[in-house]
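See structure below.
Residue numbers begin at 1 in each chain, while the letters A, B, ... track the order of the sequences.
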Amino acid sequence: MTDRVRFAPSPTGYLHVGSARTALFNWLHARSTGGTMLLRIEDTDTERNRPELIDVIFRELEWLGIDWDEGPYFQSERAERHRSAVETLLADGRAYLCDAENREVAGSTIRDGLAVRFRTPDEGQVPFTDLIRDDVTFACAELEDFVIWRSNGTPTFLLANAVDDADMAVTHAIRGEDLLSSAPKVLLILDALGHPHPTYAHLPLLVNEQRKKLSKRRDDVSIADYRTRGFLPEAMANYLALLGWGPPDDVEIRPMQEIVSLFHIGDVNKSSAFFDVKKLEHVNATYLRGLPVAEFLERVDPWVTGTDAPWPAERFDRDVLAAFVPLIQEKLRLLGDTPRFVDFLFRKDPALDDASWESAMEKGPAAREMLDGAIAALASCPWEPEALKDAVNEVGEANGLKLGKAQAPIRVAVTGRTVGPPLFEAMAQFMDRDEVLRRLRVARHRLRP
RNA sequence: GCCCCCAUCGUCCAGCGGCCUAGGACGCCUCCCUUUCAAGGAGGUAACACGGGUUCGAAUCCCGUUGGGGGUGCCA
């Protein structure tokens, strides 16, 4: 029999990085063992459910490249199974009805307005094997009688989880460590119902800089946010796979297919991991650099054709961008970095960056002389990168400046920023002489006298 | 409080009794390259929480201490 795993999110918020990592590790286990990945929506909490988020969660999983073989199943559609399991437990005396004050009420069938609690044994142990943590044991005496059925007529997570895992023949429950202490309760239900136990694997938690469990409320962790900031899904998934696990050969950035073939759930480590955006960015930059131009253009499209693009839509030229990409691709960390590297091509006037102007023009050396000199020199020199470079360099030398310093005022005048593409290539291949001269004059005018 | 889990560079990962004067990656620093920024190249910084055992030998096994985290809901 092949392994059957499930990712079982509850639709109470957007998919966040912790859940995505759990989904990914389930998926990795399924794909690396030839098993089956199920998707189950645990929507038993009618108070908190946000049904409109279900499709969003599906889309984020797909975006990450996480697919599933069965489902989605919805716990809310399995109420009869849950109810009959509770009736069985009630009839067997393994559970009891109780009122709002938690007082036991006589009766052996579910009744409106009453909750049902599982009667935990007074003594004994609940040992279980965890693929990541080895043997874990809880004493029954430590387990209070817990609610399995709410007074509003819905099952709790503990009951639904046990029944569904049994019905769906789930063999491996791979989930976050925050659920570790709920395992013995589920196991007790499974035993009382006569069902086998799945094997557990509790993943180390993802934590913030305070080493607290990542929380949707206080931490910026929505997968959607990372997507809109310009992270590539393959970079995101690759990085997520590195949290709690590492390849035996230390090659961290690699195709997911290779990770699948190297992954073993038992190799996952036990301690919590900090989600490090800096490293994520590095991974992303590496993937960005490796993208063929055509592919890059496709991926970056939302950032350059969207309404947020810092230029009038009618001035944007895809062919120009396509030709320009090789000049900047290796400089980007996020897709979202692209606009500010290319905006000067698609605007009438460059978007002047205050800090850049300040450093290159105000306190930078000899900005006036450089602009004046460049305006004169570039008026007649051959319009090609080397000639432009030589011309600017000559003006610089005349003012005692090396090229690095000399080009700064020109760069800011033409592109609006001190950081950008190779200047002379950009000018020679993507702008004409008149436009460059015009921008130099405009900048010079601002600098008067 | 009680229960459970965890403990190697700032961070992530490797290490599964000798190959460890602890390795890789991110970050940071220095230098080289250089038309900015990157990229690339060469270096550097930096860790086995502590105390006891076990063993010829411990980062690796055991116990304890300390520290951190999770749980303790008619949330999941």
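- Remark: Lys389(A) in residues 378-395 of chain A come within less than 4.0 Å of RNA chain B through at least one heavy atom.
- For the pair Gly246(A) and Arg150(A), nearest-nucleotide mapping onto RNA chain B gives the more 5' position to Gly246(A).
- Annotation: side chain to side chain donor-acceptor pair (under 3.5 Å) contacts involving residues 389-398 of chain A, sequence neighbours excluded, are absent.
- Judged by atom type and distance alone, Glu209(A) does not reach the base of U11(B) through any side-chain donor-acceptor pair under 3.5 Å.
- Within the structure, every pair that satisfies the side chain to side chain donor-acceptor pair (under 3.5 Å) test and touches residues 116-126 of chain A, not counting sequence neighbours, is listed here: Asn102(A)-Arg117(A), Glu104(A)-Arg119(A), Thr120(A)-Asp145(A).
- One donor-acceptor pair, N or O on each side, does fall under 3.5 Å between the base of U36(B) and the side chain of Lys331(A).
- For residues 266-278 of chain A, the set of pairs meeting the side chain to side chain donor-acceptor pair (under 3.5 Å) definition, not counting sequence neighbours, comprises Arg211(A)-Ser272(A).
- No hydrogens or angles were tested; on distance alone, a donor-acceptor pair under 3.5 Å links the side chain of Glu252(A) to the base of G24(B).
- Comparing G51(B) with G44(B), their P atoms sit 30 Å apart, to the nearest whole Å.
- Side-chain to base pairing of Ser272(A) with C6(B): no donor and acceptor N or O lie closer than 3.5 Å to each other.
- Under the rule for a ring-ring contact (aromatic ring centres under 6.0 Å, His included), the partners of Trp68(A) that lie at least two apart in sequence or sit in another chain are Phe58(A).
- Annotation: ring-ring contact (aromatic ring centres under 6.0 Å, His included) contacts of Phe118(A) (sequence neighbours excluded): Phe146(A).
- At distances below 3.5 Å, not a single donor-acceptor pair connects side-chain atoms of Thr415(A) with backbone N or O atoms of Val412(A).
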